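Structure first, commentary second.
These numbers come from a predicted model, not from an experiment.
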Amino acid sequence: QMADPFLYNTGERSHYGCLGHEVQIEHLKAYVCRPSFSTDKAVIVVHDVFGWRFPDIRFIVDLIAGHGYITICPDFFKGTEPWKSTDHWADFPDWMKNHDPMKVDKEADVVLKYLKEQCGAKKIGVVGFSWGGMAVHHLMLKNPQLTAGVSLYGIIRDSEERYRLLNPTFFIFGEKDHTISLEQIFLLEDKLKQYCKVPYKIKVYPGQVHGFAQLKPEDMKPDDKPYIEEARRDMIDWIKMFV
């Protein structure tokens with residue numbers, strides 16, 4: 001019996017009225033939110049295991065769009081069932097086999113093409129949470145079209161190749177995340193120092209658990225709120241610096 005790795009309660013979400021709309025792009029559905037003015041800058045948001053319709057992730061899409069980016073969250077699960085808070089953690093490894101965060105290249109290419117051809121985007125960044133954080137780490141090693149990345153509590157663990165980032169990447173972690181140990185974070189830092197040729201940043205937020213940064217304001221605990229808000233500001237600042 002594995003402990004629930006998402007220590008915030010995902011069962012009772014407050015309702016969220018989204019600001020954007022859904023589109024179909026080739027074989028993918030996606031949620032898009034645009035800023036109030038026209039721009040050639042865009043950000044792809046990679047959802048966590050709860051999928052592209054989860055209210056928390058849509059809140060983040062709208063938040064980034066509010067800072068002046070065409071922001072899009074495609075369904076990287078391609079219509080298959082996301083993980084649900086009622087599912088059993090014993091089944092999680094099998095579910096992960098069919099939802100590999102390192103097999104997102106085709107979907108990323110479809111979305112990049114859409115952003116460039118249909119939305120006029122010239123600079124495109126990527127932000128991902130948990131499962132999506134692993135996908136971001138992977139994409140920043142593989143796809144030079146992404147000008148910057150932010151990976152929130154997601155890293156690829158098992159290859160020496162995983163440190164040669166192509167463009168600026170920021171890794172955000174919670175100190176109390178029991179899916180990513182501080183040893184793994186120190187290892188990442190150590191290896192990036194050796195191999196990485198582009199700007200990168202690693203930051204650990206005190207007392208925070210896995211999944212902390214995507215909570216909506218009404219779901220935050222008062223003690224965590226300053227760290228959640230700081231992580232989001234840091235995420236936006238990184239995007240603004242490079243995208």
Side-chain angles (χ1 to χ4, degrees), residues 2-10 13 43-52 54-61 63-64 73 76-77 82-83 85 89 92-93 95-96 99-102 104 125-141 146 148-158 162-163 165 168-192 200-216 219-221 223-239:
M2 178 180 154
D4 182 343
F6 306 96
L7 293 179
Y8 67 97
N9 181 356
T10 57
R13 308 320 283 154
V43 174
I44 299 168
V45 173
V46 192
H47 53 72
D48 62 13
V49 294
F50 299 111
W52 74 296
F54 199 55
D56 294 16
I57 216 71
R58 298 212 162 178
F59 172 77
I60 294 289
V61 171
L63 179 87
I64 295 172
C73 179
F76 281 95
F77 297 161
W83 186 255
S85 50
W89 287 109
F92 190 67
W95 182 89
M96 275 293 277
H99 299 82
D100 184 343
M102 307 215 291
V104 288
V126 63
V127 169
F129 296 80
S130 185
W131 187 94
M134 289 190 270
V136 167
H137 187 174
H138 167 79
L139 288 166
M140 294 312 292
L141 298 165
L146 294 160
V150 184
S151 163
L152 295 96
Y153 29 83
I155 47 175
I156 298 166
R157 300 166 197 245
D158 45 12
R162 69 185 186 269
Y163 307 112
L165 299 163
T169 308
F170 179 22
F171 293 92
I172 286 176
F173 300 106
E175 181 197 18
K176 296 265 179 355
D177 185 335
H178 69 282
T179 67
I180 300 171
S181 67
L182 290 171
E183 287 77 44
Q184 284 171 316
I185 297 171
F186 297 144
L187 176 72
L188 178 68
E189 196 150 27
D190 194 45
K191 297 285 192 178
L192 287 173
Y200 65 86
K201 183 175 168 183
I202 291 172
K203 189 165 169 182
V204 180
Y205 296 76
Q208 298 308 296
V209 298
H210 194 82
F212 78 97
Q214 67 240 60
L215 284 175
K216 301 198 298 308
D219 297 322
M220 295 177 190
K221 295 191 182 101
D223 290 354
D224 297 330
K225 194 175 181 216
Y227 297 112
I228 295 169
E229 290 177 345
E230 185 183 347
R232 287 191 189 151
R233 271 198 311 275
D234 292 345
M235 168 185 86
I236 298 286
D237 287 347
W238 189 262
I239 294 288

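Distance check: Asp177 CG to Ile172 CD1 gives 12.5 Å after rounding to the nearest 0.5 Å. Distance check: Ile60 CD1 to Asp48 CG gives 10.5 Å after rounding to the nearest 0.5 Å. Separation of atoms SG (Cys73) and CZ (Phe129) is listed at 9.5 Å; rounding is to 0.5 Å. The distance from the CG atom of Asp224 to the NZ atom of Lys176 is 10.5 Å, given to the nearest 0.5 Å.
When all heavy atoms are compared, the tightest approach of Arg232 to Met220 is NH1-CE, 3.5 Å.
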May I have the step-by-step check of side-chain contact (heavy atoms from CB on, under 4.5 Å) for Gln214 and Leu152, ending in yes or no? CA-CA 9 Å; Gln214 67 240 60; Leu152 295 96; over 6 Å; no
Worked verdict on Ile57 versus Phe50 for side-chain contact (heavy atoms from CB on, under 4.5 Å): CA-CA 9 Å; Ile57 216 71; Phe50 299 111; over 6 Å; no
Test side-chain contact (heavy atoms from CB on, under 4.5 Å) on Val43 and Ile239; report intermediate values, then the result. CA-CA 8 Å; Val43 174; Ile239 294 288; 3.9 Å; yes
Assess whether side-chain contact (heavy atoms from CB on, under 4.5 Å) is satisfied between Ile44 and Leu146, documenting all intermediate values. CA-CA 9 Å; Ile44 299 168; Leu146 294 160; 4.1 Å; yes
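In this structure, the side-chain contact (heavy atoms from CB on, under 4.5 Å) partners of Pro168, at least two apart in sequence or on a different chain, are Pro199, Trp238, Phe242. Residues satisfying the side-chain contact (heavy atoms from CB on, under 4.5 Å) test with Asp234, not counting sequence neighbours, are Phe170, Lys203, Tyr205, Glu230. Not counting sequence neighbours, the partners of Ile202 by the side-chain contact (heavy atoms from CB on, under 4.5 Å) test are Phe171, Phe173, Ile185, Leu188, Glu189, Leu192. Residues passing the salt bridge (Lys or Arg N to Asp or Glu O under 4.0 Å) test with Glu229, sequence neighbours excluded: Lys225. Taking the ring-ring contact (aromatic ring centres under 6.0 Å, His included) definition, one finds that Tyr153 meets it with His210, Phe212, sequence neighbours left out.
Under the ring pair (Phe, Tyr, Trp, His ring centres under 6.0 Å) test applied with His47, the options Trp52, Phe59, Phe77 reduce to a single match, Phe77.
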List, one per line, each side-chain donor-acceptor pair under 3.5 Å for residues 131-141, sequence neighbours excluded.
{"residue": "Trp131", "atom": "NE1", "partner": "His99", "partner atom": "O", "Å": "2.8"}
{"residue": "His137", "atom": "ND1", "partner": "Ile156", "partner atom": "N", "Å": "3.0"}
{"residue": "His137", "atom": "NE2", "partner": "Arg162", "partner atom": "O", "Å": "2.7"}
{"residue": "His138", "atom": "NE2", "partner": "Met102", "partner atom": "O", "Å": "3.3"}
{"residue": "His138", "atom": "NE2", "partner": "Asp105", "partner atom": "OD1", "Å": "3.0"}
{"residue": "His138", "atom": "NE2", "partner": "Asp105", "partner atom": "OD2", "Å": "2.9"}

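The main-chain N or O of Pro206 is found under 3.5 Å from a side-chain atom of Gln208 such that the two form a donor-acceptor pair.
For the pair Leu187 and Tyr163, the minimum side-chain heavy-atom distance is below 4.5 Å.
The aromatic rings of Trp83 and Phe92 sit perpendicular, their planes meeting at an angle over 60°, well past the 30° parallel limit.
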